[in-house]
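Every heavy atom of this structure was used, including side-chain atoms; hydrogens, water molecules and symmetry mates were not.
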Amino acid sequence: MKYVYSPQGVCSEIITVDVEDGIIRSLQVIGGCNGNLKGIAELLKGMDVEDAILRLKGIQCGMRPTSCPDQIAGALEQLQVLQQAV
């Protein structure tokens, strides 16, 4: 299932994630720290959604209460909710 998420409180503008059978198949983040986010996207490929959420949720960026990784976790959580509703 492909999902597009609009992050809040960070530099990134759009998160697109594709999940199949609970595994992240692809992730793209538009905006934010390009190289770092490309690296995170590559590291998450093939990872279980639950594991990714546990690793990324709660990470802060400087004094902000959130970060791009935290927003990725939020996108994955919302995707899980949508998948359960289907």
Side-chain angles (χ1 to χ4, degrees):
M1 176 181 223
K2 192 171 189 177
Y3 181 63
V4 178
Y5 179 80
S6 296
Q8 303 294 313
V10 294
C11 300
S12 60
E13 300 167 9
I14 297 172
I15 297 171
T16 304
V17 62
D18 189 14
V19 172
E20 185 179 310
D21 298 323
I23 303 297
I24 299 168
R25 297 297 174 204
S26 67
L27 177 83
Q28 180 182 22
V29 182
I30 298 173
C33 302
N34 189 38
N36 290 333
L37 291 169
K38 282 181 181 177
I40 290 169
E42 287 298 315
L43 290 170
L44 292 177
K45 279 184 189 176
M47 185 180 283
D48 182 82
V49 169
E50 287 291 330
D51 290 340
I53 291 169
L54 288 172
R55 289 174 184 231
L56 300 176
K57 190 171 183 176
I59 293 174
Q60 296 180 330
C61 183
M63 297 302 292
R64 296 178 187 182
T66 189
S67 65
C68 291
D70 183 56
Q71 291 294 300
I72 292 168
L76 293 169
E77 287 177 324
Q78 283 198 3
L79 178 60
Q80 284 183 317
V81 170
L82 288 174
Q83 287 179 326
Q84 291 172 358
V86 172

N/O donor-acceptor pairs under 3.5 Å from side chains in residues 36-45, not counting sequence neighbours:
unit_1: Glu42; atom_1: OE2; unit_2: Lys45; atom_2: NZ; d: 3.0

Report, one line per pair, each donor and acceptor closer than 3.5 Å where one atom sits in a side chain of residues 69-80; sequence neighbours left out.
unit_1: Asp70; atom_1: OD1; unit_2: Gly58; atom_2: N; d: 2.7
unit_1: Asp70; atom_1: OD2; unit_2: Thr66; atom_2: OG1; d: 2.6
unit_1: Gln71; atom_1: OE1; unit_2: Tyr5; atom_2: OH; d: 3.4
unit_1: Gln71; atom_1: OE1; unit_2: Gln8; atom_2: N; d: 2.9
unit_1: Gln71; atom_1: NE2; unit_2: Gln8; atom_2: O; d: 3.4
unit_1: Gln71; atom_1: NE2; unit_2: Thr66; atom_2: OG1; d: 2.9
unit_1: Glu77; atom_1: OE2; unit_2: Lys57; atom_2: NZ; d: 2.9
unit_1: Gln78; atom_1: OE1; unit_2: Tyr3; atom_2: OH; d: 2.6
unit_1: Gln80; atom_1: NE2; unit_2: Glu50; atom_2: OE2; d: 2.5

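- Taking a 4.5 Å side-chain heavy-atom cut-off between Ile, Leu, Val, Met, Phe, Trp and Tyr, the cluster of Ile30 extends to Val4, Ile14.
- When the side chains of ILVMFWY residues are joined at heavy-atom separations under 4.5 Å, either directly or via intervening members, Val49 and Ile59 end up in a single hydrophobic cluster.
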- Message: Could you walk me through whether Leu27 and Ile15 satisfy the side chain to side chain contact (heavy atoms under 4.5 Å, CB included) test, starting with their C-alpha distance in whole Å, then the side-chain angles of each, then the deciding distance to 0.1 Å, before giving a yes or no?
- Response: CA-CA 7 Å; Leu27 177 83; Ile15 297 171; 3.8 Å; yes

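- Every pair tested for salt bridge (Lys or Arg N to Asp or Glu O under 4.0 Å) that includes a residue from residues 10-29 fails, sequence neighbours excluded, so the list is empty.
- In this structure, Leu56 CG and Ser67 OG are separated by 8.0 Å, a value rounded to the nearest 0.5 Å.
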